[in-house]
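For reference, the structure is listed below as structure tokens.
Values below: every heavy atom of this structure, side chains too, minus hydrogens, waters and symmetry copies. Numbering of ligands and ligand atoms starts at 1, following listing order.
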Amino acid sequence: MNIILLGPPGAGKGTQATLLVDSRGMVQLSTGDMLRAAVKAGSPTGVKAKAVMDAGQLVSDEIVSGIIGEALDGLAPETGVIFDGYPRTAAQAESLDEILSTRGRTLHHVIELEVDEDALVERITGRFTCANCGEGYHDTFKQPKAEGVCDKCGSTDFKRRPDDNEETVRTRMTEYRAKTAPILPIYEARGIVSRVDGMADMADVSTAIAAVLDGK
Ligand code: AP5
């Protein structure tokens, strides 16, 4: 099964994708994570992407569609994929159709996480991750069980994203409204869009997504 998780910054796409990886053995393809890895590695893609990401704007369609195609080529055809943060423009949606069809894959669901935009700034500015294993946390909504120690790997080293400040978050939301939300009708016309309340507790959001995937 191949699915898209769609929603504005901080809607919970990454959180829910990680839970689906654990519960269903699907693979998460997050263009944001892949771009951040490229920035960290100092690759040509990373060098091009860094300033754009730090400003909260969108990286070019060619770059992100290229990395998605390459990532899919590394997966067994039967592996289910969660597209997290991709596609984000009409051109990327068009590219994804081609990328999937040339690899004999089908898109089964587009799940839109519906959220109250006012809550997103708080969610994003409170977010941090384990610098060692990448487990995600939040100052208010998901603290490590033992203060300062990662639940998953025991590391005491945490980090915050450079684009997780209020000013950049507002630009990211504007980009979402202008370029990403308008792609929903493409998938609505195919009858594959489901809407889930992204303001619910994380566990309830997961239950609602599971119901969509299981056709309940
Ligand atoms: P990307 O990394 O994709 O960022 P984003 O879309 O802005 O999404 P986030 O990762 O901020 O949010 P999320 O929805 O995953 O929320 P999360 O689960 O972490 O992109 C970053 C940048 O890369 C872009 O700005 C752009 O420059 C570039 N880029 C990436 N893809 C691109 C593309 N396709 N085209 C062009 N450019 C691209 O949750 C947020 C916080 O809330 C967490 O702390 C979490 O614990 C908490 N939380 C989650 N769910 C809940 C809940 N139900 N209740 C309470 N708290 C919750």
Side-chain angles (χ1 to χ4, degrees), residues 4-21 28-39 45-46 48-69 71 82-93 95-96 99 111-117 119-130 134-144 151 158-181 183 196-209:
I4 294 172
L5 290 183
L6 201 72
K13 304 179 296 291
T15 300
Q16 294 303 326
T18 305
L19 293 170
L20 286 169
V21 168
Q28 172 189 12
L29 294 185
S30 158
T31 40
D33 287 348
M34 292 188 267
L35 289 168
R36 280 184 288 279
V39 170
T45 296
K48 273 190 216 154
K50 186 174 182 339
V52 180
M53 293 174 78
D54 285 349
Q57 291 161 352
L58 294 184
V59 173
S60 81
D61 294 330
E62 293 71 25
I63 288 181
V64 290
S65 293
I67 60 177
I68 282 287
I82 308 152
F83 295 99
D84 162 10
Y86 179 89
R88 259 172 150 101
T89 63
Q92 291 178 27
S95 295
L96 180 60
I99 287 168
I111 299 178
E112 184 193 11
L113 296 175
E114 292 187 300
V115 280
D116 170 1
E117 282 202 7
L120 297 181
V121 172
E122 186 192 6
R123 277 199 191 178
I124 290 180
T125 53
R127 170 172 60 185
F128 59 100
T129 52
C130 172
E135 182 71 356
Y137 295 98
H138 191 279
D139 292 327
T140 309
F141 306 122
K142 191 190 162 196
Q143 295 166 336
D151 298 345
F158 294 91
K159 61 179 182 181
R160 291 181 191 257
R161 278 170 44 178
D163 60 343
D164 276 355
N165 59 77
E166 182 163 351
E167 190 191 345
T168 307
V169 170
R170 299 228 179 260
T171 306
R172 284 157 60 193
M173 284 178 185
T174 304
E175 290 281 77
Y176 179 82
R177 277 193 297 268
K179 296 174 185 166
T180 308
I183 70 177
V196 163
D197 177 12
M199 295 307 294
D201 284 350
M202 288 178 207
D204 293 337
V205 178
S206 303
T207 304
I209 291 174

message: Considering both backbone and side-chain atoms of Gly12, is one of its nitrogen or oxygen atoms within less than 3.5 Å of a nitrogen or oxygen in ligand 1?
response: yes
- line: d(Thr129 OG1, Asp33 CG) to nearest 0.5 Å is 9.0 Å
task: Test Glu175 against Gln57 for side chain to side chain contact (heavy atoms under 4.5 Å, CB included), laying out the working first.
output: CA-CA 7 Å; Glu175 290 281 77; Gln57 291 161 352; 3.7 Å; yes
message: Looking at Lys142, I'd like to know if its NZ atom is crowded, meaning that more than 12 non-hydrogen atoms belonging to other residues, nucleotides or ligands lie closer than 6.0 Å.
response: yes
Whether Asn165 side chain and Thr168 backbone form a donor-acceptor pair below 3.5 Å: yes
Partners meeting side chain to side chain donor-acceptor pair (under 3.5 Å) with Glu117 (sequence neighbours left out): Arg177
field: Atoms of ligand 1, numbered as shown, that sit under 4.0 Å from any heavy atom of Arg36
entry: 2 (O), 21 (C)
message: I need the nearest protein heavy-atom contact for atom 53 (N) of ligand 1: residue, atom name and distance, please.
response: Ala200 O, 2.8 Å
Arg88 (side chain) donor-acceptor with Lys179 (main chain) under 3.5 angstrom: no
message: Check contact between Ala49 and ligand 1, using heavy atoms of the residue and a distance below 4.0 angstrom.
response: no
- line: So for Val59 against ligand 1, with non-hydrogen atoms under 4.0 Å, the contacting part is both
task: Please examine the side chains of Ile209 and Leu19, heavy atoms only from C-beta on, and report whether any two atoms are closer than 4.5 Å.
output: no
- prompt: Are the side chains of Arg172 and Asp164 in touch, meaning some heavy atoms are under 4.5 Å apart?
  reply: yes
- prompt: Between Arg123 and Gly10, is there a donor-acceptor pair closer than 3.5 Å when you use the side chain of the first and the backbone of the second?
  reply: yes
message: If the contact criterion is a heavy-atom separation under 4.0 Å, does Tyr137 count as touching ligand 1?
response: yes
- request: Measure the acute angle between the ring planes of Phe128 and Tyr137, then classify it against the limits of 30° and 60° as parallel, tilted or perpendicular.
  value: parallel
task: Using distance alone, determine whether Gly85 and ligand 1 share an N or O pair under 3.5 Å.
output: yes
Which residue and heavy atom of the protein sit nearest atom 55 (C) of ligand 1, plus the separation: Phe141 CG, 3.6 Å
- prompt: Which ligand 1 atoms, with their elements, are less than 4.0 angstrom from a heavy-atom of Gly198?
  reply: 53 (N)
Sub-4.0 Å heavy-atom approach of Ala11 to ligand 1: yes
field: Protein heavy atom at shortest distance from atom 45 (C) of ligand 1
entry: Thr15 OG1, 3.7 Å
- prompt: Which protein non-hydrogen atom lies closest to atom 48 (N) of ligand 1, naming both residue and atom, and how far is it?
  reply: Met202 CE, 3.6 Å
- prompt: Taking distance alone, with no angle check, do Gln16 and ligand 1 share an N/O pair under 3.5 Å?
  reply: no
task: Would you tell me which option among Arg88, Met173, Met53, Met199 has the nearest heavy-atom contact to atom 3 (O) of ligand 1?
output: Arg88
- request: Determine, considering heavy atoms only, which of Arg161, Glu175, Lys13 sits nearest to atom 10 (O) of ligand 1.
  value: Arg161
query: Can you list the ligand 1 atoms lying under 4.0 Å from a non-hydrogen atom of Gln92?
result: 33 (C), 34 (N), 35 (N), 36 (C)
field: Min side-chain heavy-atom separation Val64-Leu58 under 4.5 Å
entry: no
message: Checking a contact table here: which protein heavy atom is nearest atom 28 (C) of ligand 1, and how many Å away?
response: Leu35 CD1, 3.7 Å
For atom 19 (O) of ligand 1, the protein heavy atom that lies nearest, with its residue and separation: Arg127 NH1, 2.6 Å
query: Using a heavy-atom cut-off of under 4.0 Å, does the side chain or the backbone of Arg172 touch ligand 1, or both, or neither?
result: side chain
statement: Quick look: Tyr176 vs ligand 1, heavy-atom contacts under 4.0 Å, and the answer is neither
message: Quick test: of every protein heavy atom, which one is nearest to atom 15 (O) of ligand 1, and how far off is it to 0.1 Å?
response: Gly14 N, 2.8 Å
message: Within the 4.0 Å heavy-atom shell around His138, which atoms of ligand 1 are there?
response: 44 (O), 46 (O)
message: If you take the nearest heavy atom of each of Met34, Gln57, Lys50, Arg123, which one is closest to atom 42 (O) of ligand 1?
response: Arg123
query: Looking only at protein heavy atoms, which one is nearest to atom 12 (O) of ligand 1, and how far off is it?
result: Gly10 N, 2.9 Å
query: With a 4.5 Å heavy-atom cut-off, do Tyr176 and Leu120 have their side chains touching?
result: no
task: Indicate yes or no: at least one non-hydrogen side-chain atom of Leu20 is less than 4.5 angstrom from one of Gln28.
output: no
- prompt: Taking side chain as C-beta onward, heavy atoms only, is Val121 less than 4.5 Å from Arg170?
  reply: yes
